[in-house]
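Side chains are part of it too, since the values below use all heavy atoms of this structure and drop only hydrogens, waters and symmetry mates.
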Amino acid sequence: MSWGLISEMGHVAIQTTRLDASVFDATQVLGLRETDRENGTVYLAAADVHHELVYTESEHDGIDHIGLVAADDAALAEIRHRVDEAGFEIVSERPLEKGISEGFAFVGPEDFVYEIYLGMSRDVASNGGFGPDRFGHINLHPKNVEAYKDFLVEVLDFRISDIIGDDFAFFLRCNADHHGIALIAGRGSMHHHAWQGQSIVELGKLGDRLFRLGRRLVWGPVRHGAGHNIAAYFVEPTGGVIELYTDLEQIYDDSRPPVVWSMDDNRWFNRWGVYNGEDFRSHGTFPAPRTKK
Ligand SMILES: [Fe+2]
């Protein structure tokens with residue numbers, strides 16, 4: 001379901017210095033399936049698509065790009081027009097990786113590369129694993145949150161779901177999911193990418209798998225106020241965070257006004273326990289240098 005130019009969150013592509021460890025976490029801890037592999041690049045998915053997560057072996061740990069699905073051909077053309085008007089640098093006139101028929105890529109604010117595309121090939125999940133249902137959202141920590149919010153609204157046609165303080169954080173949606181991209185003031189990193197499961201039981205099982213490996217969740221299970229999702233988090237080899245969540249608020253009213261939270265009201269962050277945001281937000285992955293991978 002979509003009301004705007006972007007119909008869904010597509011994928012995240014990450015450069016990693018530890019490809020095997022990253023793929024292990026994605027498959028054996030989170031539960032994604034490997035759909036394809038070529039020249040140091042591994043494609044992974046939970047839903048029935050070619051990829052929702054891509055790891056590429058690199059000298060750097062960093063975000064390669066963020067993939068967003070355009071609603072249709074006209075939406076793709078409109079976004080391209082807006083990107084040109086806004087003066088963003090185009091880095092590719094074609095999709096950046098295999099499995100996608102049409103699209104382009106540009107450098108958005110704070111050096112994050114965005115790929116806007118249509119027509120990803122299907123890959124039907126058939127092995128009945130324990131993984132999540134699909135990719136859900138990303139959480140960025142821009143240095144200039146207000147400007148980043150304006151970019152998402154004015155160029156990519158996102159709607160604002162929740163606001164924390166005057167400009168500390170914004171949660172934005174491109175479809176009924178409460179947020180596809182969340183912005184929290186920070187150091188210019190991607191804090192986490194998030195995957196949707198069906199119940200809190202799956203979050204418990206994630207904690208158990210980590211425990212058996214001698215590792216721990218970094219936070220959760222927790223109930224957020226902004227978005228209402230129950231979430232659990234662990235740190236991946238690149239230094240970023242992976243979230244498994246369930247019960248995210250769905251917003252079917254395109255004109256639903258934003259919920260505004262006072263900076264003093266920590267329930268936006270944690271409805272069940274104490275506030276512990278600083279430690280949690282110290283993790284993250286920065287945009288990879290855009291030289292040769
Ligand atoms: Fe999240």
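- When all heavy atoms of Ala176 and Tyr252 are compared, the pair lying nearest together is CB-CE2, 3.8 Å.
- Within a 6.0 Å sphere centred on CZ of Arg216, heavy atoms belonging to other residues, nucleotides or ligands number 12 at most.
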Exercise. Check the pair Ile184 / Ile164 against side-chain contact (heavy atoms from CB on, under 4.5 Å), numbers first and verdict last.
Key: CA-CA 9 Å; Ile184 298 178; Ile164 319 301; over 6 Å; no

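- Rounded to the nearest 0.5 Å, atoms CZ (Arg159) and CG (Asp253) are 11.0 Å apart.
- For His192, the ring pair (Phe, Tyr, Trp, His ring centres under 6.0 Å) test picks out His137, Tyr233, with sequence neighbours left out.
- Judged by distance alone, the side chains of Asp133 and Gln198 do bring a donor and an acceptor atom under 3.5 Å apart.
- When the shell of 6.0 Å around CZ of Arg271 is examined, it contains more than 12 heavy atoms from other residues, nucleotides or ligands.
- Partners of Phe171 according to the ring pair (Phe, Tyr, Trp, His ring centres under 6.0 Å) rule, which considers only residues two or more places apart in sequence or in another chain, are His178, His179.
- A cation-pi arrangement is absent between Arg209 and Phe234, since the terminal nitrogen or guanidinium carbon is not both under 6.0 Å from the aromatic centre and inside a 45° cone about the axis.
- Inter-residue side-chain proximity for Leu53 and Trp195 is flagged as met; some heavy-atom pair is nearer than 4.5 Å.
- Close placement of the His191 and Phe280 rings is indicated, their centers lying within 6.0 Å of each other.
- When side chains are defined from C-beta on, Phe170 counts as touching Glu146, because their heavy atoms get closer than 4.5 Å.
- The ring pair (Phe, Tyr, Trp, His ring centres under 6.0 Å) search around His51 returns His11, Tyr43, not counting sequence neighbours.
- Residues Glu102 and Asp73 form a side-chain contact, since some pair of their non-hydrogen atoms from C-beta on lies under 4.5 Å apart.
- The main-chain N or O of Thr27 is never found under 3.5 Å from a side-chain atom of Glu34 such that the two would form a donor-acceptor pair.
- Ring planes of Phe112 and Tyr148: perpendicular class, angle over 60° (limits at 30 and 60°).
- Using a 4.0 Å cut-off between a side-chain N of Lys or Arg and a carboxylate O of Asp or Glu, Asp247 and Arg223 qualify as a salt bridge.
- For the pair Asp64 and Thr56, the minimum side-chain heavy-atom distance is 4.5 Å or more.
- The distance from atom CD1 of Ile200 to atom CG of Asn229, rounded to the nearest 0.5 Å, is 11.5 Å.
- Between Arg80 and Asp84, at least one side-chain N (NZ, or NE/NH1/NH2) sits under 4.0 Å from a carboxylate O, which counts as a salt bridge.
- Taking every heavy atom of both residues into account, Ala75 and Ala71 meet most closely at CB-N, 3.8 Å.
- Both Trp261 and Met263 are members of a single hydrophobic cluster when ILVMFWY side chains are connected at heavy-atom separations under 4.5 Å.
- With contacts defined as side-chain heavy-atom distances shorter than 4.5 Å, the pair Phe104/Val83 qualifies.
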Self-check item: Worked verdict on Phe106 versus Ile116 for side-chain contact (heavy atoms from CB on, under 4.5 Å)
Solution: CA-CA 9 Å; Phe106 67 98; Ile116 312 297; 3.9 Å; yes

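- With contacts defined as side-chain heavy-atom distances shorter than 4.5 Å, the pair His50/Asp36 qualifies.
- For the pair Asn144 and Glu110, the tightest heavy-atom approach, listed with the atom from each and the gap, is N-OE2, 2.8 Å.
- Nearest approach of Ala232 to Leu203, heavy atoms of both residues: N-CD2, 3.7 Å.
- A donor and an acceptor atom, one from each side chain of Gln250 and Asp177, are located under 3.5 Å apart.
- Contact check for Val241 versus Trp219: no side-chain heavy atoms found under the 4.5 Å cut-off.
- Nearest heavy-atom pair across Asn175 and Ser7 is ND2-O, 2.9 Å.
- Salt bridge absent: Asp162 and Arg173 never bring a charged side-chain N and a carboxylate O closer than 4.0 Å.
- Between Glu202 and Lys205 no salt bridge is recorded (no basic side-chain N to carboxylate O distance below 4.0 Å).
- Within a 6.0 Å sphere centred on NZ of Lys143, other residues, nucleotides and ligands contribute 12 heavy atoms or fewer.
- The local environment of CG in Asp208 is crowded, with over 12 non-hydrogen atoms from other residues, nucleotides or ligands closer than 6.0 Å.
- Within the model, atoms CG of Leu68 and CD1 of Ile181 stand 5.5 Å from one another, a figure rounded to the nearest 0.5 Å.
- In this structure, Tyr114 has its ring center at least 6.0 angstrom away from the ring center of Phe88.
- More than 12 heavy-atom neighbours from other residues, nucleotides or ligands sit within 6.0 angstrom of CZ on Arg215.
- Between the Asn270 side chain and the Val274 main chain, a donor and an acceptor come within less than 3.5 Å of each other.
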Quiz item: Does the pair Val29 and Leu213 meet the rule for a side-chain contact (heavy atoms from CB on, under 4.5 Å), with working shown?
Solution: CA-CA 9 Å; Val29 179; Leu213 292 165; 3.6 Å; yes

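- A distance of 10.5 Å separates NE2 in His65 from CD1 in Ile14, rounded to the nearest 0.5 Å.
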Quiz item: Under the side chain to side chain donor-acceptor pair (under 3.5 Å) criterion, do Asn39 and Thr41 qualify, and how do the steps go?
Solution: CA-CA 6 Å; Asn39 302 329; Thr41 294; over 6 Å; no

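- A heavy-atom distance below 4.5 Å is found between the side chains of Leu30 and Pro132.
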Practice problem: Output, in order, the C-alpha distance, side-chain angles, deciding distance and verdict of side-chain contact (heavy atoms from CB on, under 4.5 Å) for Arg33 and Asp123. | Solution: CA-CA 10 Å; Arg33 68 189 191 284; Asp123 181 278; 2.9 Å; yes

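- The nearest pair of heavy atoms linking Val107 to Val91 is CG2-CG1, 3.4 Å.
- Between the side chain of Arg82 and the backbone N or O of Leu156, no donor-acceptor pair lies under 3.5 Å.
- Phe151 and Ile90 end up in the same hydrophobic cluster when Ile, Leu, Val, Met, Phe, Trp and Tyr side chains are linked at under 4.5 Å.
- In this structure, Leu32 CG and Tyr55 OH are separated by 8.0 Å, a value rounded to the nearest 0.5 Å.
- One finds the CD atom of Glu236 at 5.5 Å from the OG1 atom of Thr285 (value rounded to the nearest 0.5 Å).
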